[in-house]
Amino acid sequence: MSENKKYSLKVIIIGEPAVGKTSLVKKFVSGQFSKDYRSSIGTNIFTKQIDLKKDSKASIQLWDIAGQERWVKMRHVYYRGAKGVIIVGDLTRKNTFDQIEEFWIPDIKQYCSKAPIILLANKNDLKKELNEKDISLLSERINSTSVLLTSAKTGENVEKAFKLISEHAVEIFR
Ligand code: G3D
Ligand code: MG
């Protein structure tokens with residue numbers, strides 16, 4: 001990465017309904033965001049400026065599905081140009097992790113296969129249906145660059161997750 005650069009990154013957040021995607025985005029951008037609702041594609045877009053390593057900065061554009069996860073209109077538009085992908089599972093519902101492999105990864109392979117992926121195991125403040133071993137095995141199978149246990153409620157690892165995916169995106173697409 002060269003120094004003093006300003007990057008502009010589209011990052012998408014995906015996963016089953018109610019895993020905490022919107023809560024994670026809101027926790028991260030709270031206080032400092034601009035929001036743009038694109039009803040034509042069923043998406044909320046939040047923008048936030050962040051500092052990266054070596055005095056570089058990034059403007060990250062976070063795309064969050066506004067309901068109807070599996071039927072987001074014009075899927076290709078949602079995925080197009082994504083420089084990073086955040087995939088979220090809910091630790092209290094094992095099925096949400098099974099669906100990552102069965103439903104979401106094939107979509108990524110089809111629409112934005114070069115984008116780095118970070119796996120978030122969210123709701124770490126609640127009683128879990130999966131252990132860390134299951135999650136790290138899934139992370140290996142889907143080839144995610146990082147995996148983190150998060151909580152949108154307590155804020156655990158939220159800032160770190162968005163920073164990491166931005167760093168990975170810059171490494172690959174700079
Ligand atoms: P989605 O955008 O993936 O559909 P939401 O998910 O962000 O709308 O979250 C779904 C529900 O889970 C919300 O509860 C939200 O408060 C809760 N939630 C999200 N993340 C966490 C977390 O880390 N811990 C806990 N305890 N709850 C979380 P409601 O009741 O508003 O539907
Ligand atoms: Mg949502």
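Start at 1 and go down the list; that is how both ligands and their atoms are numbered. Residue indices begin at 1 and follow the sequence shown.
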Fill in: Check against salt bridge (Lys or Arg N to Asp or Glu O under 4.0 Å), Asp64 and Lys21
CA-CA 7 Å; Asp64 178 35; Lys21 300 181 300 295; 5.6 Å; no

Discussion item. With side chain to side chain contact (heavy atoms under 4.5 Å, CB included) as the criterion, how do Val25 and Ile13 come out once you've worked through the C-alpha distance, each side chain's angles and the decisive distance to 0.1 Å?
Written reply: CA-CA 9 Å; Val25 170; Ile13 183 160; 4.0 Å; yes

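Listed for the Lys48 side chain is a donor-acceptor partner under 3.5 Å among the backbone atoms of Phe28.
A salt bridge links Glu101 and Arg141; the closest N-O separation between the charged side-chain nitrogens and carboxylate oxygens is under 4.0 Å.
Shown in contact with Asn122 at under 4.0 Å from a heavy atom are these atoms of ligand 1, numbered in order with element: 20 (N), 21 (C), 23 (O). The ligand atoms of ligand 1 that sit less than 4.0 angstrom from a heavy atom of Ala152 are 20 (N), 22 (C), 23 (O). For ligand 1, the atoms lying closer than 4.0 Å to a non-hydrogen atom of Ser151 are 23 (O).
Shortest contact from atom 16 (O) of ligand 1 to any protein heavy atom: Ser23 OG, 4.1 Å. Protein heavy atom in closest approach to atom 28 (C) of ligand 1: Lys123 CE, 3.8 Å. Closest to atom 4 (O) of ligand 1 among all protein heavy atoms lies Ala18 N, 2.8 Å.
Summarising the local packing, NZ of Lys128 is surrounded by more than 12 heavy atoms from other residues, nucleotides or ligands at distances under 6.0 Å. By the neighbour-count criterion of 12 heavy atoms within 6.0 Å, atom CD of Glu132 is sparsely surrounded, having that number or fewer from other residues, nucleotides or ligands.
When distances from atom 1 (P) of ligand 1 to the protein are checked, a heavy atom turns up under 4.0 Å. Distance check for atom 6 (O) of ligand 1: a protein heavy atom is found below 4.0 Å. Of the protein's heavy atoms, at least one falls inside 4.0 Å of atom 22 (C) of ligand 1. The presence of a protein heavy atom under 4.0 Å from atom 14 (O) of ligand 1 is ruled out.
Of the heavy atoms in Val19, both backbone and side-chain atoms come closer than 4.0 Å to ligand 1.
The shortest N/O to N/O separation between Leu126 and ligand 1 does not fall below 3.5 Å. On a distance-only criterion, Pro17 and ligand 1 share no N/O pair closer than 3.5 Å. By the 3.5 Å distance cut-off applied to N or O atoms, Asp64 is not counted among the residues near ligand 1. Below 3.5 Å of separation, one finds no N or O of Thr150 facing any N or O of ligand 1. Backbone and side-chain nitrogen or oxygen atoms of Asp125 are examined, and one is located within less than 3.5 angstrom of a nitrogen or oxygen of ligand 1.
At least one side-chain heavy atom of Lys53 sits under 4.5 Å from a side-chain heavy atom of Glu167. Between Ser59 and Thr47 there is a side-chain heavy-atom pair separated by less than 4.5 Å. Using a 4.5 Å heavy-atom threshold, the side chains of Leu62 and Phe162 count as touching.
Between the Mg ion (ligand 2) and Asn44 there is no N/O/S contact shorter than 2.8 Å.
Counting all heavy atoms, side chain and backbone alike, Val85 lies closest to Ile165 at O-CD1, 3.7 Å. Contact between Tyr79 and Cys112 at its shortest, heavy atoms only, is CD2-SG, 3.8 Å.
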